[in-house]
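Any value given below was found using the heavy atoms of this structure, including those in side chains, with hydrogens, waters and symmetry copies removed. One-based numbering, in listed order, for ligands and for the atoms of each.
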Amino acid sequence: MNVVVYPGSFDPFTLGHLDILARSALLYDKVYVGVLNNSMKRHAFSPEERKIFVKAVCDSEGIQNVEVLAFDGLLVEFARTCGAKALIRGLRTASDFVYEAQMFAANRHLAPDIETVYLAANPALSFISSGLVREIGAFGGNIDGLVPDAIKNTIAERLLKR
Ligand code: PNS
C-alpha cells in the first residue's frame, strides 16, 4: 500500500490545504494528515479542534482514504509510525520554497529514506494562508472562499471570541 503523510499546523485548515489533501488522496492509497501538536508553538486552535476540522471536511467532501492524527516530536518519526515513505507539502510562493528547502534538508539529514513530494498550489488558492484566515476572522471579516464551507461558521465564531 502506498502511504503518505501530509503534515502541518492546519491552524486552521484552509481551502488551500483541502486542495492539496484531495489531490494527494487521488495519488496515494492512504493519506495520514499529521496535525502538529507542539507545545513550543502557540496555536489559535487546539490540536483536537484542528483534527475535528480536517475530519469534518473529509466527511463532507467524501474523501475516504484519509486518517487524521495529532503528532509531536519529529515529523520523520511520525511518518515511520504511519508506515509512510513520503511526505506531501504544498508550494505556493517563492518564500514557501525557501522555507521548504530548509525543512527538506533537515528531514533528509534525519531520514534520507523518507522522500518529500511537493504539489504546486492551485493558482486560484495560492494567496490563502492560515495566518490570513486568523487575521480576517479576528476582525470579523468574511472568510468565505478561504476555508471549506463545512467548518466556516465554527472557525469564524471561534476567531471572533479569541
Ligand atoms: O503548516 P506548517 O506550520 O508549515 O507545518 C510545519 C511542520 C509541522 C511540517 C513542521 O513544523 C514539522 O515538521 N514539525 C515537527 C518537528 C520536526 O520534525 N522538525 C524538523 C524538520 S523542520
Once ring pair (Phe, Tyr, Trp, His ring centres under 6.0 Å) is applied, do any residues pair with Phe10, and if so which ones, sequence neighbours excluded?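 Applying ring pair (Phe, Tyr, Trp, His ring centres under 6.0 Å) to Phe10 gives Tyr6, Phe13, His17.
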Could you tell me which non-hydrogen atom of Asp113 sits nearest to which non-hydrogen atom of Arg80, and how far apart they are?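 What the structure gives for the nearest pair is OD2-NH1, 2.8 Å.
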Closest approach of Pro123 to Ser126 (non-hydrogen atoms, all atoms of both residues):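 Distance-wise, the nearest heavy atoms are O-OG, 3.1 Å.
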Output the set of protein residues with a heavy-atom contact under 4.0 Å to ligand 1, ordered first by chain identifier and then by residue number.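 Answer by chain and number: Gly8, Ser9, Leu36, Lys41, Phe71, Gly73, Leu74, Leu75, Arg89, Tyr99, Met103, Asn107.
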Thinking salt bridges, do Arg134 and Asp11 make one under a 4.0 Å N-O criterion? yes
In plain terms, say whether Glu67 and Lys30 are close enough for a salt bridge, that is, a side-chain N and a carboxylate O under 4.0 Å apart. yes
Once the angle between the rings of Phe45 and Phe53 is folded into 0 to 90°, is it parallel (under 30°), tilted (30 to 60°) or perpendicular (over 60°)? perpendicular
